[in-house]
Amino acid sequence: MEITSGWSGHVSRETGDEATVHFRPPRRRYTPPSALMTLSRFAPMIDMSFLLLIFFMTTTRFAKPEGLLTSEMPKYAGGSGSGPAVPLPESPIIIRLTPMGPGPEDYAIRIDGFGQAPTRIDGLSEFLRGVQQRPGFDRKTPVIIMAHDEIRWDQVVKCWNAVLVAGCENVAFATP
Amino acid sequence: MAFNFTPLIDVFMLLTIFFMLVARFTSAEQLAMMLPDPPDSLARVSQMPERVVINCRVNESQADPDAVVYSLGPNPPESLGGISDHLAALQQQSPNIKVVIRADRRLRFEHVRAAMQAVARNNIEVLHVAAIAEERG
């Protein structure tokens, strides 16, 4: 027996002891989703892709970071001269940076009292480590950098950094 | 009904990006220049509160390559005397002020030494100098 109901489908009922109701939905013709519908399903993925893109663009740094080297300044004694404002310690290691030509790399270093000292900054750290092993010298021995006015700031900072790499803890600047 | 976390995550990500960008903008006082780049640099990356930055730059607009321009943070260029006066006023407001000298590596030492003297004239005892830091993994 077949009953036609108000539904758009059909309900079939078998007569007898076991009655089973079957619902058969109407067959719809398959229509492929439109391009807009397909695109909208990808919207969360596009959102996340853009967020991740912006996140990594913000956090990625290709340039080297900027840091600080710290030094203690002598108290200013007044006057207009450019000489040191405080008396120098008795037995410091004095490193002199002098220009040897017009170029930024034309320089030489000299350490007072150490004739065999390196003349370039490259071997300075190793030499100062050796000096610290000698009697009367240690990491706390004052190191004074005396740079000529014509020396480039880059060389002064490289010399300062080399002194710090050697482990010297007491570094100061003075004018020749 | 399950809670939908998607908008929460979206807003969280947007806020994170926003604050990261704002934090980047606060470094506007660090004018672009060629900082010293020593090998095996021991320069430490640090965020110091109450710091004043003295920028010493090469004056690119002039024919003289050794011409120097001083400025206090992002402010327009001024003389070292003016900077020294500003430092004195700032130190009266907060005695624990810290001074950072950012100098172009092409400058001659005499130009940077002049800035150091301006700092020392105000009895500021600790000086910080900017240099390229070694990247640490």
Side-chain angles (χ1 to χ4, degrees), chain A residues 44 47-48 50-59 61 63-82 85-86 97 99 104 107 121-122 125 145-167 172-175, chain B residues 6 9-10 12-14 16-18 20-21 23-24 27 30 34-46 48 51 56 66 98-114 116-136:
Chain A
D47 283 353
M48 286 309 297
F50 271 105
L51 280 173
L52 288 173
L53 181 70
I54 295 170
F55 177 79
F56 284 111
M57 279 171 63
T58 313
T59 54
R61 271 191 169 192
K64 285 184 176 178
E66 178 179 329
L68 299 174
L69 294 170
T70 302
S71 172
E72 292 205 3
M73 300 275 287
K75 286 193 182 299
Y76 187 65
S80 57
S82 58
V86 291
L97 280 157
Y107 72 93
I121 293 170
D122 303 336
S125 298
I145 299 172
M146 287 189 176
H148 192 275
D149 281 349
E150 299 294 321
I151 290 287
R152 301 289 162 177
W153 176 237
D154 192 31
Q155 307 303 341
V156 178
V157 173
K158 281 178 178 171
C159 180
W160 182 6
N161 189 72
V163 172
L164 293 177
V165 167
F173 285 95
T175 47
Chain B
T6 309
I9 295 167
D10 284 354
F12 179 76
M13 286 285 285
L14 284 171
T16 304
I17 293 166
F18 173 76
M20 288 172 73
L21 284 172
R24 185 72 58 88
S27 62
Q30 297 180 348
M34 296 169 69
L35 289 175
D37 188 7
D40 302 325
S41 175
L42 290 183
R44 297 279 179 257
V45 179
S46 63
M48 283 192 304
R51 74 171 191 177
C56 313
D66 286 329
K98 296 177 179 62
V99 178
V100 177
I101 291 185
R102 297 181 74 247
D104 196 297
R105 63 180 174 221
R106 296 168 292 175
L107 286 175
R108 292 202 306 255
F109 179 57
E110 64 173 323
H111 298 308
V112 185
R113 185 166 55 79
M116 286 179 172
Q117 283 179 339
V119 175
R121 207 170 290 133
N122 288 288
N123 294 322
I124 295 171
E125 296 177 14
V126 179
L127 175 74
H128 305 276
V129 168
I132 298 295
E134 198 74 16
E135 284 185 289
R136 301 181 191 285

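Worth saying up front: this structure is predicted, and the values here are computed from it rather than measured. Order of the sequence lines fixes the chain letters, A, B, ..., with proteins taken first and strands second; residue numbering starts at 1 for each chain. Computed over heavy atoms, backbone and side chain alike; hydrogens, waters and symmetry mates excluded.
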Exercise. Salt-bridged, A:Asp149 to B:Arg113, with N to O below 4.0 Å?
Worked result: yes
Problem set entry | Side chain A:Ser125, main chain A:Ala162, donor-acceptor under 3.5 Å | yes
Seminar exercise, completed: Whatever's closer than 4.5 Å to a heavy atom in chain A on B:Ile132 counts as both
Problem set entry | Residue part contacting chain B, namely of A:Val156, when any heavy atom lies under 4.5 Å | side chain
Exercise. Within a strict 4.5 Å, meaning less than it, do heavy atoms of the B:Ile101 and B:Cys56 side chains meet?
Worked result: yes
Problem set entry | Between A:Leu164, A:Asp47, A:Asp154, A:Ile151, the one whose heavy-atom pairs under 4.5 Å with chain B are most numerous | A:Asp154
Exercise. So which part of B:Asp104 gets closer than 4.5 Å to some heavy atom of chain A, the side chain, the backbone, both or neither?
Worked result: backbone
Problem set entry | Spacing of A:Asn161 atom CG and B:Glu134 atom CD [to the nearest 0.5 Å] | 9.0 Å
Exercise. With respect to chain B, which residue among A:Leu52, A:Asp122, A:Leu51, A:Ile54 yields the maximal number of heavy-atom pairs within a distance under 4.5 Å?
Worked result: A:Leu51
Exercise. Given side chains that start at C-beta, do those of B:Arg105 and A:Arg152 come closer than 4.5 Å, heavy atoms only?
Worked result: no
Exercise. Of the listed residues (A:Glu66, A:Met48, A:Lys158), which shares the most heavy-atom pairs with chain B below a 4.5 Å separation?
Worked result: A:Glu66
Exercise. A:Met146 versus A:Leu97: any side-chain heavy-atom pair under 4.5 Å?
Worked result: no
For this session: Sort B:Val129 into side chain, backbone, both or neither according to what part of it lies under 4.5 angstrom from a heavy atom of chain A.
Result: both
